[in-house]
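A short worksheet on the structure shown next.
Positions are given from 1 along the sequence.
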Amino acid sequence: TVVILPDSRTDCRELPESQALYRRSSSAQDLHPDSVFVQFLKESGVTLRAGSTANEIAVDQVIFQKRLQQRLRKNPRFPNIIQEFISALETYIEDPERFRNCLLPCVPSSSSQQDTNSGSYQESLVRLLLGIEMLQTLIINILFEKLPEFINVLCYSVREDGLNVPRLIINQLKWLDRIVDGKDLSSKLMQMVSVAPVEIQRDIITSLPEILEDSQHGDTAKELNGLLQQNTQLAVPILDALSSLNLSSALLSEVREAVMGTLSAVQLEDLPVVVKFILHSISASGPNEVVCDLRKKLELEQCVLPAVLQASQSRMKSKAVSGVPSCSNGQDSVALVLDVIKSAIRFQKTISEAWLKAIENVDESDDHKVVDLLVLFILHSTNANHSRRGAERVLKVKVRKGLIQESLLQKTFKGHAQVMRGYFPSILALAQGLLRSSDCCVVPFGGHMYKQAFTGFDSYCQQEVVGSLVTHACSGVSGEVDMALELLYELVSQRPAEMSQFTVFVKGILDYMDNLTSQQIRRLFHLLSHLAFGQEQHGGHIQDDMHIVIRKQLSSMVPKYKRIGIIGAVMMVGSMGACRNKPEGSQGGTLPKETHRQVMALLELVRSCSESSPEAAALYYDELANLLQTCKLDLLVQVCAWIGKSVLEDFQEDFVVDLGPFVFPASVMYNLDDDESQGGIAINLLPLMTQDQRVSPLCLSPFFRLLRLCEEVQHQGDLEEIDALLGCPLILTDMEKVESLSKAEREFLCSLLFYTINWFREVVNAFCKLNDPEMKMKVVTRIQNITYLQSLLQTCLAGSVLHCLCVCVCVCVCIESSGRKRKASASKNSSGDKSQLKGDHPEKESEKEKEKDAKSGVSLSSYWPFFRELDVEALSVLQCGLLSRTLLDTELHSKLKEEVQLGPAELLFMLEDMWRKLDFSLASAPAKKAPFLKSKTDRAVGFAHLQQKNAKEIATCCMELLPTLCTHLENCHNHFQTLLSEHQGVVDAPGVDVKEQQLMCSAYQLLLQVLHTTFSWAGFSGPEHRALLKSALGVLAGRLKEDETDLTLDQLSRHAFEYLQNFRSTVPSLNTALCLTQLLIVLSQYGGSNHRTYREQISAHFLCQEWVTASGEKERGNKYNDALQTLLSIYLEHTDDVLKAVEEIAGEGVPELMNAAKDANSRSWPTLNRQTFLVCSEKLLTWNLAVRDFHILINLVKMFDSRPVLTVCLKYGRLFLESFLKLGMPLLDYSFKKHKEDVQSLLKTFQLSTRQLHYMCGHSKIRQDTGLTNHVPALKKSLEQFVYRVKAMLTLNHCQEAFWLGNLKNRDLKVRFDEEEEESSQLQSEEEV
């Protein structure tokens, strides 16, 4: 339709108004009285007008066309009269005004105003003439001849009255009832396109679907496709036209491929139209390839302007006049592209699935693009065809594998924040799901999404982000709370101004502190204090609230709440100290007077409130020490001086005494300083426990830690003033004769041992970093003292039950209320700490084993949280080699030389501590919410200091210790190699030190576990830690080939693999062998080389080896079975032919076992015996998918018919049967005709197995064993389904007559009849099917 604008101007010639009115109302016939054109039109009902007055029509349009056609046909000069008519028309429209009137709609004449049709729309004169077939072709030619006139004369292209004449001409050709010569019209249009300007080209191309008939669509589409390759400026009109043309699928595919080729060359504003055409032209049969190709070529990263241009453009927009649209930028085009993708995903199921598959098939992190994340957000937001769950799954998998990384997320938010704002609900939901995930690999990415959303969006979104993080922090799930508090603290540190607006939200976490751990409380008060004291203009009200909460908690008599008050007060002191006055140009600063007054008052308040409780006082000292270590208060001279002075004086007064005679049974022990002239002092430990003293021995270690850190801060790490405490003795008593002590005396001795060990551990923390050889020797000696005292403690604990173990608790490890509930049970049962080596204690022990433990002592694994935590720096003791010092006599002459080095017990002690630290820091996962009415075990207990360091710092520390660890590993290897060579390969030869060999075996296993935990760190998969990984692998590779440098990651991985592979000949136990195998698997994953064959050979080598302990007994027990099961799984996973391996074990190893003695092993597979058969059969049943192996395993139950074996067989037999029905039977359906004999043999073999399963069901009923009968109904159902599924297969292949049912008697495994139930149906196959 053409919009007719009112003519507000007169003709271009200046005439009086009366003459102008006369001219407009005069008839055009007056100017051409003898024209055939004018005469025929007038007779047919159309009156031509001159000027700007529209032509008038007095009759209906159809009547006009019919009359004019009749007059032309009935004229005597027909058909020549047609040419005369056309010539007169050409003469008439030479005047542009007349031509314009002919192109504009006619109006009803005044004489026909009463006509009922007068109100309807009237066509233009040219369209009325085009409706007459005899005139159509000639008039079309006239129009095309006139079109160049208006193209070349630019002033006529768009008239002063706003009319675009070329567009009017093209509009005359639209929606004609019939086209006489469509091919010629199409040809003329395309010729005009080739020569017309761009604007006219666009008008013609977009009008093609409305002009051409369907028969011309194919040829026109080919020409448009060729034109698109030549000129991408016409992409939008061409694609609009192609979208409306009726094309065949082959031609549409061809056009789509051509359009895809031009995708990278089209202009940015044309991109949405191009993408829309591609997506809308996808057929239902092949969307995957098209979407994958579109994803590869869609570069949204290039749609982002550089930062300088973005700034200038934003300034231009800010200066733009209100109401005038500013120039569009790349964000608008990206938004339109995403709207197109969103529309296609919403209404076409195949496209949503294709996008998910295209993103899922990307295997390299560098290949992922911004569009991948944006499409995942679209899929999640639309939830078309349940795509939300698919988007969540794909995102988690990609993040877990390290394919979608933080850099891509940051690039997406940085370049397209305006576009992503529309998908904020989906971004928030995805971040919530990732943060709540139990997979620790995806949790940090959820945190990155929260941070980017807070940084890039408006205040409403920021409020939603903070609210969601507060919800996480109050969830009660440990890992989720930790991550939420960490994110809140980062936002408070990086965006204090924005976060200060949401202080009231963060403050709400104070109501949920009952479920927070000490580290979480510490983090909460840290961020709240930062908000309160970092922004004075916003933090005034929260300061008052925090003071109220802290005073309330400190005044409480409940230890849990007092602990909260102490931690909160100390963290608040740290934040207040950070707000110091710092003059310009100075390195230091002093606190403002008011702040200094508040700090000192708060410290005095905490001290006064904690004096009454030794536990509270010890916690206060530890928290203050932690503040000195982490918050860097070295600039606060006033606070540090006050703390240091009071601590040093109090420590000397309370805990240190001069050496002198002591009343029996007290004695001075563990003195490392023989020269008493240097000042004889001792730690007054025993009197503190036996007498009613003002201070508790519980405060000894925390107080010393605070003293040491004060000395380090005040003297830049120099501990010369207190180094006498490293070698000074303790006032103790004889602790050797444990058996003769009473119960009360034994409990007292246990407490004394705990205090002594904790003192030595804190001494090691203090002096481990000193480089003086004599000090290092004393540190190693103290570690020897610790290992010896721990052995005494094991013996002492074996026969005692400590009801008041809390007096020995190291408060620094922040034992929670849940941990306190465990104390009594922990003292009674030594299997409570899951952070120890797994499987240390079986759940049930025989009476003999209990008696044996009572004699040798119990394990300290359950008591480990009650010991002081060793700092990470203490691991440097592992680097100590052989240390020596010369002892002098009284005349200062050399008398003898004393040598000290890490022995097996000390090495094992340090490795156990290191492995616990690595397992917590590098292999920890977010904890799940505790089950209802079950106590929660906190993994963080015992790692208060370790939690101050991030995983990268721990991994870097491990890398620095790798050469030392490799040296210890080689020493263990050489030890067992020498042992085997000296005793001709006999492990349990006479004369072997069993205890030493057990220690070396444990150290060997722990070294491999430390390496495995280190290299299994998920952070190594990220590019930011790739250099650290190469350095770590380089250490291992350098032990094998020292001269090679600049190796690739693959080469380093291969050399490290070869280095560790050399240790397989000396591994002393199956658990150690499993650790080595797992370590080799982890290392092989970092390189591109295929070590699959080596992994199979190593696992098979260990499975075929007989494992004997140093005492000569064969390895057995739950730990051994678990390790064997895992090793067997690794072997089957990495073997080339699983079924062949299964058949080899079941067909060779098991028959050898059946013919062997009761306690004997299989010759081919020494790890297979009657005790481990259950492990092997369970694992094999879950792996095999072959009926033959299944039949062999089922038949073995006749020989091994114990209850556990029957349970496994019933359970996994049903699972195998269901898998066969789901995966095997469809294959048999289509293989029956070509492989009839093979299918028949398979079903016969499988029928024997199902019959045996039927007998097992009957056996379970006869025995009336509920543990077995619970599996019977589901198995019976599967057996019945199998019968009818085989019948369906035979029917499908037209062999239903071969199927028949017979009756089976219920029998037990010994083939006895059950008289109660007679009937049961079971498949019987004939000999010939």
Phe377 and His416 aromatic centres sub-6.0 Å: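 No, the ring of Phe377 stays outside the 6.0 Å limit from the ring of His416, centre to centre.
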With a sphere of 6.0 Å drawn around [atom1] of [X], does it hold more than 12 non-hydrogen atoms of other residues, nucleotides or ligands?
X: Glu210; atom1: CD; value: yes
X: Lys297; atom1: NZ; value: yes
X: Lys174; atom1: NZ; value: yes
X: Lys451; atom1: NZ; value: yes

Measuring from Leu239:CG to Asp270:CG, what's the distance to the nearest 0.5 Å?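 Answer for the CG-CG pair, Leu239 versus Asp270, is 8.5 Å.
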If I take atom OG from residue Ser1278 and atom CZ from residue Arg1214, how far apart are they, to the nearest 0.5 angstrom?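 Separation between the atoms: 6.0 Å.
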Is there side-chain contact between [X] and [Y], with at least one heavy-atom pair below 4.5 Å?
X: Val273; Y: Leu336; result: no
X: Leu428; Y: Tyr450; result: yes
X: Trp1017; Y: Leu1029; result: no
X: Cys461; Y: Arg421; result: yes
X: Leu379; Y: Val394; result: no

With sequence neighbours excluded, what pairs up with Ser343 under the side chain to side chain contact (heavy atoms under 4.5 Å, CB included) test?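 Scan of Ser343 (side chain to side chain contact (heavy atoms under 4.5 Å, CB included), adjacent residues dropped) gives Phe347.
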What residues, two or more places apart in sequence or in another chain, satisfy side chain to side chain contact (heavy atoms under 4.5 Å, CB included) together with Arg389?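 Side chain to side chain contact (heavy atoms under 4.5 Å, CB included) check on Arg389 returns nothing, list empty.
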Backbone N/O of [Y] and side chain of [X]: donor-acceptor pair under 3.5 Å:
X: His217; Y: Leu245; value: no
X: His472; Y: Ala484; value: no
X: Ser437; Y: Val443; value: no
X: Lys369; Y: Arg295; value: yes
X: Ser468; Y: Val465; value: no
X: Thr412; Y: Leu408; value: yes
X: Arg256; Y: Ser281; value: yes

Run the side-chain contact (heavy atoms from CB on, under 4.5 Å) check on Gln452 and Lys414 step by step: do they pass? CA-CA 9 Å; Gln452 294 295 335; Lys414 185 177 181 180; over 6 Å; no
Describe, in one word, how the ring planes of Phe457 and Phe413 are oriented to each other, choosing from parallel (under 30°), tilted (30 to 60°) and perpendicular (over 60°).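 Answer is tilted, since the angle falls between 30° and 60°.
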Arg400 and Asp439 ion-paired at < 4.0 Å: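 Looking at Arg400 and Asp439, the cut-off is met.
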Do NZ/NE/NH1/NH2 and the carboxylate oxygens of Glu392 and Arg388 come within less than 4.0 Å?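 Looking at Arg388 together with Glu392, the answer is no, because their closest N to O distance does not fall below 4.0 Å.
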Under 3.5 Å donor-acceptor pairs involving side-chain atoms of residues 354-363, not counting sequence neighbours:
{"from": "Glu360", "atom 1": "OE2", "to": "Arg393", "atom 2": "NH1", "distance (Å)": "2.9"}
{"from": "Asn361", "atom 1": "ND2", "to": "Lys357", "atom 2": "O", "distance (Å)": "3.1"}

